[in-house]
Amino acid sequence: MTASFAHAAQTESYYLIEEIPIEAANGLAEGNGDLVVTAVSNDGEYLAGNALTFRTAFRFYDFSDRTTFDYGCQYAGEVCDLFFYGDASFYDTYRTRLRDQRTVLYKSNVLSFLENRNISGMHTDGKNIPPLPTWDTVNEKLYIFDSITNSSYTTDTRVNDINAELGWAVGYDSAPFSNPDGGNYTRDFIQRGFALRLSDQAKVTLLPTAFNTSGDLADDNGGLSSGLQLIEKDGRTLVVGIGSVSYSNSDSFGECQTGNRENYYLCSGFHTQAWAWDITDAVDGDQVSGEQIVDGYVRSRYSNAPNFNLIKDANNQILVGLSSDDVYDSTNGSRGRATYYTDNNDGSYTLNQIPNIRIDGDNDKFEDSVSHTWANAVNDANLIIGNLRYVEVKSRNRPVEAFVYDGDENSVNYQQVTWPLRNKPFSGANSEFSDINSEGLIVGWRDGDGQEQPAYKGTTRRQTGILLDYNRYIDGNSSYSWTLNQLTCYEQDGTPQIPLYRIEFATHINDEGDIFANGYHYQSAEDFINGVNPRPVLLKLVRNPAVTDIDDLAICPQIEEVKYERKGASSLWLGLLLLPVVFVRRFIKR
């Protein structure tokens, strides 16, 4: 059996690993392993991410994006109680303190960081052996509206997009808490969009609109805005995002902000629309007013639940994201529907719901079975990737299923939706797409090998990062998807070498094929197999120039999800892993 791994034609790994080191400073160590990449520049030289300091099932939590938090908990009751009500849990630590800190000042719970690549080495022989290009250590929280001199950082920050060519990063931050009169702690606004210039750290505020008769944002409980995407149009640098236009109603606003779990689908309590801010001539400290660019929603027959548009990505022709749809039941008043927005060439966009999205089963029950659909990214060929989340149980799981929509009017597959990983390898399996590049290469994640246990009222399924070649899929090639653990494995002296990383969530891929992901590194092969004692890591995977054929990979055992046992066949896997293994570790002492 071991001989089958001994003589592959290809010995080098398809991808080389760069680890982006995290230093336990300014609260990042409190992230409890929930490190995620939220934005990457087009050239792959800048990265931003988040660390969450509360216990939650919502790893990609974003207060502006309901698809990241209002899908509930499907696991065992004890696990869900820990997520929702235990010490340092989601509702206990974050939601109930979102608006009012009362007499105790709590530090922020969403810590954001922004880092750039510092080249200090060269890739050598393709085997993930040092020296590798290294990154500066991520060692501090990103401050926007809070003061970096404030030892009690109290703002929740998120970076949504970085554009190195235009020179900006955009996202949202909250106002710092204060109690100048010695009473309860308060703050001026819940969420405010920002633009941060990369060259000199100039900070620009992206204002929402005031919608009360006074015209004062203070009368609108601060309003809400967020910078989501940077685009260039007619020589101008624009931030596309969202801005509040009214309350869904005053009662639902209060119910959302006080963290009532049963009313969580009402959050953020505002009706929001797609917005654009011109920051071409902005300077440090500017407060920029924007303009509404979309009029309406997928459907707009609502009760108390908020209506919204949310932009996830853009190319030169269209924007993609989601828009609210009016669906009523006991837990969701409106749900996100995958949407693309076409340019009217007058500063406005027309909203279009992505057609032909279907569930696997009785489509008359679509609205009862699905909580959200959303478009995540689009490439220059108008291929749009997105996801569908079930609210009903399918094969003992509430899965997310990834799709591709062909928006190219010249394509033979125009307006077709395909599901490359639906029900693979079994019914009810999870798959999620996060990004697509100009070559049709898609990254995301799926259930790890061997993760077939019931999830509903059961346990979580470990996810594994993937690369999928959509052109190979559409051409009928049977080999079109690979795990990133496969693509970083190599052979040396006829034996498999596996860097001890579990690469879980691949969030970004650029046109050069560089992939950004997060996961865990293990100190030993036994820890790797057992999945214990992990160290959370951020990774950049760089294409190995020595390997040009993805069909000629090193032959390595598929063991990243195999449970270790001390006797029987599993001991073979451990034996293979205990062969010399390269540990790629990148810490910079400062």
Side-chain angles (χ1 to χ4, degrees), residues 1-6 8 11-22 24 29 31-35 55 59 75-76 79 127-130 132 425 445-453 455 458-466 482-506 517-539 541 553-587:
M1 189 171 181
T2 56
S4 65
F5 303 117
T11 60
E12 297 188 13
S13 61
Y14 193 74
Y15 271 99
L16 309 174
I17 296 175
E18 295 178 16
E19 186 175 313
I20 303 164
I22 299 289
N32 296 324
D34 285 333
L35 298 171
R55 181 182 285 117
R59 174 177 288 270
Y75 307 118
V79 176
K127 295 183 174 63
N128 291 326
I129 297 175
L132 294 177
W445 50 92
R446 63 164 173 80
D447 289 334
D449 296 337
Q451 297 290 301
E452 301 178 6
Q453 74 279 4
T459 187
T460 59
R461 292 176 178 171
R462 180 184 293 127
Q463 301 300 292
T464 188
I466 59 170
W482 308 265
T483 71
L484 298 183
N485 282 56
Q486 286 178 274
L487 299 180
T488 53
C489 171
Y490 60 92
E491 291 185 34
Q492 185 171 338
D493 299 326
T495 58
Q497 304 291 314
I498 302 171
L500 299 186
Y501 290 94
R502 290 190 189 276
I503 307 173
E504 292 199 333
F505 298 100
N518 65 285
Y520 297 93
H521 179 260
Y522 297 83
Q523 291 293 331
S524 71
E526 188 169 346
D527 284 353
F528 180 81
I529 293 177
N530 284 318
V532 297
N533 302 319
R535 177 174 59 88
V537 292
L538 301 174
L539 302 173
L541 305 184
L553 296 174
I555 300 176
C556 295
Q558 294 303 298
I559 60 172
E560 67 267 19
E561 305 298 333
V562 174
K563 295 293 184 184
Y564 168 67
E565 298 175 5
R566 289 195 174 274
K567 61 182 180 178
S570 293
S571 62
L572 170 65
W573 304 117
L574 181 60
L576 286 171
L577 269 179
L578 291 177
L579 293 168
V581 177
V582 174
F583 300 107
V584 185
R585 300 177 62 188
R586 287 295 177 227
F587 280 109

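- What you find for Arg462 and Gln451 is that their closest heavy atoms are N-OE1, 2.8 Å.
- The backbone N or O of Pro534 sits nowhere less than 3.5 Å from a side-chain atom of Asp527 that would complete a donor-acceptor pair.
- Separating the OG atom in Ser13 from the CG atom in Leu484 is a distance of 12.0 Å, to the nearest 0.5 Å.
- When all heavy atoms are compared, the tightest approach of Trp482 to Leu553 is CD1-CD1, 4.1 Å.
- In plain terms, the two heavy atoms of Asn518 and Leu35 that are nearest each other are ND2-O, 3.0 Å.
- Gln463 places a side-chain N or O within donor-acceptor distance of the main-chain N or O of Arg461, the cut-off being under 3.5 Å.
- Thr464 is listed as a side-chain neighbour of Asn485, based on a closest heavy-atom distance under 4.5 Å.
- Phe528 CZ to Gln523 CD: the interatomic distance, rounded to the nearest 0.5 Å, is 13.0 Å.
- Every residue meeting the ring pair (Phe, Tyr, Trp, His ring centres under 6.0 Å) condition with Phe505, not counting sequence neighbours, appears here in chain and number order: Phe60, Trp445.
- Of all the heavy atoms in Ile17 and Tyr501, the pair that sits closest is CD1-CD1, 3.8 Å.
- The nearest pair of heavy atoms linking Thr488 to Pro499 is O-CD, 3.5 Å.
- Here the shortest heavy-atom pairing between Ala506 and Ile466 reads CB-O, 4.3 Å.
- With sequence neighbours excluded, the residues satisfying side-chain contact (heavy atoms from CB on, under 4.5 Å) with Glu452 are Phe426.
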Practice problem: Evaluate the criterion side-chain contact (heavy atoms from CB on, under 4.5 Å) for residue pair Ile503 and Leu539; output intermediate values, then yes/no. | Solution: CA-CA 8 Å; Ile503 307 173; Leu539 302 173; 3.9 Å; yes
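- Glu504 places no side-chain N or O within 3.5 Å of a backbone atom of Ala517 that could act as its donor or acceptor partner.
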Quiz prompt | Pair Thr459-Val79, side-chain contact (heavy atoms from CB on, under 4.5 Å): steps then yes or no | solution = CA-CA 8 Å; Thr459 187; Val79 176; over 6 Å; no
Quiz item: When you look at Thr483 and Arg446, which way does the side-chain contact (heavy atoms from CB on, under 4.5 Å) test go after all the steps?
Solution: CA-CA 9 Å; Thr483 71; Arg446 63 164 173 80; 3.0 Å; yes
